[in-house]
Amino acid sequence: MRQRLLSEGAKELTYEIRGIVRKAQQLQALGKTIYWENIGDPIQKHYQVPAWMKEIITDLLKEDATYGYCDSKGVLETRKFLAELNNRRSGAQITADDILFFNGLGDAISKLYQYLVPTSRVIGPSPSYSTHSSAEASHANHHPITYNLDPDNNWYPDLEDLYLKVKYNPNIVGILIINPDNPTGVVYPLEILQRMVEIAREFDLFLVADEIYLNITYNNAKAYALADVIGEVPGISLKGISKELPWPGARCGWMEYYNRESSADFQRFCATLDNAKMIEVCSTKLPQLAIPRIMGDPRYTDYRKEFNEKIGRRSQIIAHILEEVPALKFNKTYGAFYNTIIFQDEILNKHQSLEIEDERVQQLLQRWFMEEPDMAPDKRFVYYMLAAKGVCVVPISSFCSELQGFRVTLLENDENILKETFMRIKEAVIEYTGIRVTT
Ligand SMILES: Cc1ncc(COP(=O)(O)O)c(C=O)c1O
């Protein structure tokens, strides 16, 4: 080509959550059964959308207005409904004008970092949901900047680490919080969120809170929203329906701007995001129309309660199976529907393996290893487990982390399959590390 086509940032775009699917499909082609634990899609895990929700959506499809464009920021009635929902919390107050719809929250995340000056950085958690870390790093043409979540302290953020990184890196303009968190399942206590707001205030930063799991808590946990704690600091909350309804195929998420007027720079940033959406005309309309009808339905609260209780029950089944495995650091989860399970330090090495009888599978695995000679130790384990036990999880090193472990979901609706999957994981860990459970 006459000039180079790709920016430096292009190499930051990786998404192992889907990347590993290609490997699993190669095994499926050889007739292996796969236990899918890679993606947070309840629908893929035998979840059935309730009939009353389907009726609401079917009724919308009968109206001609559903088929047209909508306001570029999103359907006004829906934005009013959501603003009112936020304002009931009595924290930061917003109007319909502070809400901007996107084609899925993933779309919102890509746009969020795109218009920042490349040298202006948003520090995010490690491990981190890779859509954030990849999009932020690709805007900056540089690796992500992160603060640690600590597996030895319930996965709470290491606030000292955050404070020092912010203090000594003047390029940091924002802090990303994912609460409840993907991939760890942690729900941040109030004091931690308050301290993060204080840090943002001290260094004149804005906050971004990915709150797509805000209403997905269990085991007696409660999630505080950014709006509850932000005070007068500028910030953006990211929300969506992919997980909560759940309707991931709808591709529908939104931003809520808090305290836009508190900084001229932040105000221009929000206006730019609005303009970017205007250029595209608007986002997917059908799910926007459905939001007030579904979330405003009297059945919704009980429905959500039951959904969360089921996830809580699964979290306990998983804890029961994996908690006592000595090779692992296991933390209970309280929100979202993932768990990140870490190997004890220095346990993984290149000589470990799992028995695989089928020669074709053995050869496939060796090919994967040859394609990636410097594979991280946790990814090596994950590939072995996929080949030997058919369980497809995601290595935690692909979530922007130096820790070694893997992420599972808490979504399998069929209890027998759930137990079978986690027993297979337990066996894989014990056989691979050679460290047995002592009872
Ligand atoms: C923390 C977080 N944010 C955003 C998304 C993306 O959501 P959407 O399906 O609306 O693009 C996900 C999806 O897994 C997520 O876990």
Side-chain angles (χ1 to χ4, degrees), residues 13-21 36-45 47 49 74 78 82 99-114 122 124-136 144 146 149 155 157 175-188 207-217 223 225-226 236-256 277 283-288 290-291 294-295 311 333-340 393-394 396 398-401 407-411:
L13 300 175
T14 56
Y15 198 65
E16 186 61 19
I17 297 170
R18 289 220 170 225
I20 197 155
V21 172
W36 297 102
E37 276 301 318
N38 59 310
I39 196 157
D41 180 355
I43 307 297
Q44 196 184 67
K45 304 294 281 185
Y47 180 81
V49 178
T78 307
L82 292 171
I99 295 183
L100 176 61
F101 266 93
F102 289 85
N103 301 313
L105 200 54
D107 174 31
I109 294 169
S110 321
K111 299 265 167 36
L112 177 70
Y113 303 108
Q114 202 175 335
V122 176
S126 167
S128 176
Y129 176 58
S130 42
T131 297
H132 279 284
S133 49
S134 291
E136 199 280 334
T146 57
L149 303 184
W155 284 119
I175 302 174
L176 166 70
I177 301 166
I178 307 178
N179 180 43
D181 184 51
N182 175 8
T184 64
V186 63
V187 178
Y188 290 11
L207 287 154
V208 178
D210 185 327
E211 303 188 317
I212 197 166
Y213 300 103
L214 192 64
N215 297 322
I216 304 182
T217 53
L226 182 65
I236 298 179
S237 164
L238 303 171
K239 296 190 173 130
I241 58 169
S242 289
K243 315 294 169 172
E244 189 175 319
L245 290 199
W247 192 6
R251 310 314 299 132
C252 178
W254 65 95
M255 290 184 183
E256 295 176 4
K277 189 44 82 177
S283 301
T284 352
K285 188 175 178 186
L286 172 65
Q288 290 182 41
I291 286 172
I294 292 176
M295 292 187 180
I311 301 170
T333 59
Y334 296 91
F337 36 57
Y338 309 93
N339 197 342
T340 289
V393 299
V394 191
I396 216 61
S398 58
F399 286 84
C400 198
S401 171
R407 185 194 79 166
V408 296
T409 74
L410 281 61
L411 286 174

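Excluded from the calculations below are hydrogen atoms, water molecules and symmetry mates; all remaining heavy atoms, backbone and side chain alike, are included. When a ligand or atom number is given, it counts from 1 through the structure's own listing order.
- Near Arg251, with a cut-off below 4.0 Å to any heavy atom, the atoms of ligand 1 are 8 (P), 9 (O), 10 (O), 11 (O).
- Judged as a salt bridge (Lys or Arg N to Asp or Glu O under 4.0 Å), the pairs with a partner in residues 127-136 (not counting sequence neighbours) are, in order, Arg121-Glu136.
- Using a 4.0 angstrom heavy-atom cutoff, Gly104 counts as in contact with ligand 1.
- When heavy-atom distances to ligand 1 are checked against a 4.0 Å cut-off, Ile241 has no atom that comes that close, whether in backbone or side chain.
- Near Ser242, meaning under 4.0 Å from one of its heavy atoms, ligand 1 places the atoms 8 (P), 9 (O), 10 (O).
- Of the possible polar contacts, none joining the Asn182 side chain to the Tyr129 backbone as a donor-acceptor pair under 3.5 Å is found.
- A donor-acceptor contact shorter than 3.5 Å is absent between the side chain of Arg407 and the backbone of Tyr338.
- Rounded to the nearest 0.5 angstrom, Ile39 CD1 and Thr409 OG1 are separated by 10.0 Å.
- Between Asp107 and ligand 1 there is no heavy-atom distance shorter than 4.0 Å.
- Between the side chain of Glu211 and the backbone N or O of Leu226 there is at least one donor-acceptor pair closer than 3.5 Å.
- Using 4.0 Å as the threshold, Thr131 has no heavy atom nearer than that to any atom of ligand 1.
- Within the listing of ligand 1, atoms 1 (C), 14 (O), 15 (C), 16 (O) sit less than 4.0 angstrom from a heavy atom of Tyr213.
- If you look at Leu105 next to ligand 1, the close heavy atoms, those under 4.0 Å, come from the backbone and the side chain alike.
- For the side-chain contact (heavy atoms from CB on, under 4.5 Å) with Val187, the lone residue among Tyr213, Trp155, Tyr334 that qualifies is Tyr334.
- Of all atoms in ligand 1, listed by their number and element, those nearer than 4.0 Å to a heavy atom of Gly106 are 6 (C), 8 (P), 11 (O).
- No donor-acceptor pair under 3.5 Å is formed between the side chain of Ser133 and the backbone N or O of Pro144.
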